[in-house]
Amino acid sequence: MKYITNKVKKTCLLVSLLFFAALYTSLSVADTVIISKGAIAAGWANWSWNTSYQTSATTQYNGNPTLSISYNAGWAGFSLDNSTPVNTATYQSLQIAVYGSTGLGSNKTVLALTTQDNAGNASTAYYFTPMANTWSVITVPLTALGSPAQIARINIQDNTGATLPPYYIGALTLVAAPVAKLSLTVDATAARHAISPLIYGINDINATDASLWQTLGITVNRWGGNETSRYNWQLDTYNHANDWFFENDRMGSSSTVNAFITANKKAGAKSLVTVPMIGYVAKDGNLSTCGFSVAKYGPQKSTDLYRPDCGNGAKTNGSLVTGNNPTDTSLAVNTPFITSWLNYLVQQYGNANNGGVAFYNLDNEPDIWFSTHQDVAPVGLTYDQLMSLSTSYAAAIKAVDPGAKILGPVVDGWTYYWNSPRDGQQGLWSTTPDRNAHGGIPLIPWYLQQMQAYEKKTGVRLLDYLDVHYYPASAGVALSPAGNAATQALRLQSTRSLWDPSYVDQSWISSAGPSNGIIQLIPLLRNWVSANYPGTQLAISEYNWGAPESINGALAQADVLGIFGREGLGLATLWPDGTLSANQPLAYAFRLYRNYDGLGSTFGDTSVSAASNYPANLAIYAAENSSNGALTLMVINKTTGGLTAPLSLSHFTPSGVLQTWRYSPANLNQIVHLADQTIKGTVINSTFPANSVTLYVIAGNHT
């Protein structure tokens with residue numbers, strides 16, 4: 001059971017006024033959802049604790065029976081659960097018609113209302129007290145609950161710790177939001193900036209199909225992941241780490257990295273190669289060579305079915321195996337080993353400025369080596385250790401190939417943007433001794449400061465891209481199939497965590513971050529760079545929004561690519577969680593931007609201002625194509641119904657036909673070219689089908 005601990009009171013009237021002031025003119029109102037009206041509504045189940053209730057015909061509401069709620073112990077709760085969570089995208093508030101018994105109102109925060117999603121994540125609490133001996137209707141804006149994306153459970157909990165007199169619920173409803181009059185606007189002279197072509201990248205360590213990457217318009221391919229941290233270039237071997245029982249393996253009969261670079265060159269994609277800096281590489285390619293031999297270190301919780309001597313590094317009681325020998329699997333190496341590899345790559349393919357490897361990652365997720373590579377790096381890095389490794393290996397790269405671009409620190413996710421791996425491994429989230437020893441500065445800003453100090457001292461820039469990994473933390477979104485309707489709706493809203501200052505993340509981050517769940521990732525990283533190391537570009541070398549098999553995943557990916565371009569990200573590479581095939585809906589999201597007509601035509605390369613008055617439902621991205629001046633507009637309908645909206649063009653004079661290309665559930669195997677239209681004026685009136693992406697291509701010039 002998840003109990004309420006937040007004691008922050010909400011000013012109900014102010015929140016309500018602010019919420020309604022932000023709404024657009026109402027055209028119509030969708031149906032409300034009745035949760036309780038004299039009885040618990042169908043679809044909702046009683047999950048209360050220390051609580052009893054019964055229908056009351058004596059205390060009525062509007063002439064109808066009510067529910068009498070009695071708490072039998074302190075902190076008891078009346079709780080209703082729905083196995084099919086409600087997507088809140090079109091709802092604005094919860095309303096409770098409530099009647100209090102005599103003596104209930106002596107404490108002004110008697111009851112606390114929260115909601116939970118289908119993963120159990122709780123909303124912000126809303127505190128209220130029923131008025132004694134009279135009916136009142138309490139409206140709780142969803143914004144006051146932290147704007148939950150879905151509601152699977154509603155809790156009304158005692159907030160006093162004492163047994164309370166009963167109260168009555170006449171009606172509990174989820175109230176629909178007014179339907180806004182949608183509008184889209186584009187200004188061809190505002191917010192102009194180049195879109196980096198490097199945002200259309202991917203991770204494919206086994207890339208050999210150059211024709212597929214050409215078809216999808218892939219611009220950069222990353223050779224990364226846990227196995228690359230211990231890659232031995234001389235033997236073409238690596239270690240699976242905790243992905244698979246810390247076993248060594250051989251990548252191929254010839255150098256996998258060589259094949260990777262060759263395929264990328266053939267496809268016209270740049271190579272991003274991970275440079276190991278963990279200090280060890282696999283000593284052989286024998287799968288029986290593993291980090292935690294059962295014969296040597298004792299029984300373990302899990303072993304490889306085919307190689308039972310290879311364990312997972314956890315004893316049968318759950319504690320970790322310690323004191324193992326790293327050389328069971330690996331050879332100790334340092335920067336000279338990497339220098340020899342880089343020299344070889346330059347000899348084979350030329351330097352970065354002449355068609356060689358363009359980008360290097362400073363290893364892969366060093367913040368969680370203590371988990372992923374516990375057999376060779378069991379202790380989390382400190383701030384200073386991470387910086388020492390980063391500067392040593394980055395300097396070695398620049399010494400061999402000064403034109404190569406370096407990306408770091410390549411951290412795993414949100415937690416270690418802010419905190420020290422050493423502190424995190426020990427669970428010292430509140431005391432943070434390592435972070436405090438560095439002025440209390442979050443890890444990434446401190447890292448940037450040190451890189452800037454190095455350049456000032458030596459005249460050499462070691463860090464070209466601030467690189468992080470980002471996977472949306474909402475349950476069922478990243479690295480997952482489409483899921484149910486609620487999960488699909490959440491997937492399409494969670495892309496807002498990349499930019500939206502009003503979006504509260506619907507995950508554990510909402511209660512475990514410094515910004516009350518508001519991530520606003522790309523602006524956050526941009527601000528950190530501006531304050532601590534100006535001139536550093538931004539990269540996200542791993543991300544994934546899931547559902548590659550579904551139109552839902554294609555919509556999310558198209559939205560993400562639009563956000564990357566608009567927000568000025570420098571480089572991005574999707575982690576596809578398997579091989580991306582040509583006919584997956586996810587692949588069509590890339591085609592929409594990079595090859596929508598099958599002839600190599602692309603979305604524009606200069607971003608311009610584009611806005612929707614309701615981007616949660618209808619998103620738009622706009623860019624001008626520098627080769628011909630055409631305006632390209634990407635419109636994404638995230639809802640399950642058709643949406644109509646006028647699209648107004650400013651500072652742009654159309655000079656020809658309007659081309660329309662669409663990807664939708666009507667044909668998941670093709671981006672359909674609809675009939676061309678002649679443009680009359682500067683307003684396009686369109687209806688965008690449910691779950692669709694529409695690309696407009698408009699010939700003309702900005703004015």
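Everything quoted here is computed from the prediction, not taken from an experiment.
Here the side chains of I540 and L521 are in contact, with some heavy-atom distance below 4.5 Å. V477 places a side-chain heavy atom less than 4.5 Å from the side chain of W545. Residues Q670 and Y663 form no side-chain contact, since every pair of their non-hydrogen atoms from C-beta on lies 4.5 Å or further apart. You'll find the side chain of W499 stays beyond 4.5 Å of the side chain of Q520, heavy atoms only. Taking the side chain as every heavy atom from C-beta outward, Y200 and V220 never approach each other to under 4.5 Å. Taking 4.5 Å as the limit, every side-chain heavy atom of D117 sits out of range of all side-chain heavy atoms of I151. Residues E542 and Y471 meet the side-chain proximity criterion, which asks for heavy atoms closer than 4.5 Å. Between R222 and W575, the closest side-chain pair of non-hydrogen atoms falls below 4.5 Å.
N364 pairs with exactly one of N226, T274, T228 by the side-chain hydrogen bond (donor to acceptor under 3.5 Å, both in side chains) rule, that one being N226.
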Determine, stepwise, if the pair I684 / I698 fulfils side chain to side chain contact (heavy atoms under 4.5 Å, CB included). CA-CA 11 Å; I684 304 169; I698 311 171; 3.8 Å; yes

Can you list the steps and then say if Q157 with W49 is a side chain to side chain contact (heavy atoms under 4.5 Å, CB included)? CA-CA 9 Å; Q157 184 179 6; W49 63 96; 3.8 Å; yes

Check against side chain to side chain contact (heavy atoms under 4.5 Å, CB included), V175 and Y91: CA-CA 6 Å; V175 180; Y91 295 92; 5.9 Å; no

Take N118 and T487 through the side chain to side chain contact (heavy atoms under 4.5 Å, CB included) test and state the conclusion after the steps. CA-CA 9 Å; N118 63 350; T487 299; 3.9 Å; yes

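Using a 3.5 Å distance cut-off with no hydrogens or angles, the side chains of Y465 and S541 do not pair a donor with an acceptor. With 3.5 Å as the limit, one finds a donor-acceptor pair spanning the side chains of D249 and H240. With no hydrogens or angles considered, a side-chain donor-acceptor pair links H469 and E365 at under 3.5 Å. Donor-acceptor pairing under 3.5 Å is lacking for the side chains of R153 and N82. Y596 and Q659 share no side-chain donor-acceptor pair at under 3.5 Å. A donor and an acceptor atom, one from each side chain of W244 and D304, are located under 3.5 Å apart. In this model, a donor atom of one side chain and an acceptor atom of the other lie less than 3.5 Å apart for R496 and Q493. Side-chain atoms of Y696 and S686 form a donor-acceptor pair, as typed in the model, at a separation below 3.5 Å. There is no side-chain donor-acceptor pair under 3.5 Å between N617 and T639. Inspection of the N264 and S271 side chains reveals an N or O donor paired with an N or O acceptor under 3.5 Å. Side-chain contact annotation: S229 with D363, donor-acceptor N/O pair under 3.5 Å present. Side-chain atoms of Q116 and N155 include a donor-acceptor pair closer than 3.5 Å. Counting only N and O atoms by type, the side chains of S581 and N583 include no donor and acceptor under 3.5 Å apart. Of the N and O atoms on the side chains of N552 and N691, not one donor lies less than 3.5 Å from an acceptor on the other residue. Residues T694 and R662 have side chains that bring a donor and an acceptor to within less than 3.5 angstrom of each other. Side chains of S123 and T114: no donor on one and acceptor on the other come within 3.5 Å.
No close placement of the Y417 and Y470 rings is indicated, their centers lying 6.0 Å or farther apart.
The heavy-atom pair separating Q488 from G483 by the smallest distance is NE2-O, 2.9 Å. Scanning both residues, I518 and P501, for their nearest heavy atoms gives CD1-O, 3.4 Å. Of all the heavy atoms in G570 and S196, the pair that sits closest is O-OG, 2.6 Å. Among all heavy-atom pairs drawn from A619 and D559, the shortest one is CB-OD1, 3.7 Å. Across all their heavy atoms, L599 and N595 have their closest contact at N-OD1, 3.1 Å. Counting all heavy atoms, side chain and backbone alike, P409 lies closest to L466 at CD-CD1, 3.7 Å.
For the pair R594 and F590, the cation does not sit on the ring face, since its NZ or CZ is not both under 6.0 Å from the ring centre and inside 45° of the axis.
Under a 3.5 Å cut-off, the side chain of T573 and the backbone N or O of G201 do not form any donor-acceptor pair.
Using bins of under 30°, 30° to 60° and over 60° for the plane-to-plane angle, the ring pair W661/H673 lands in the parallel bin.
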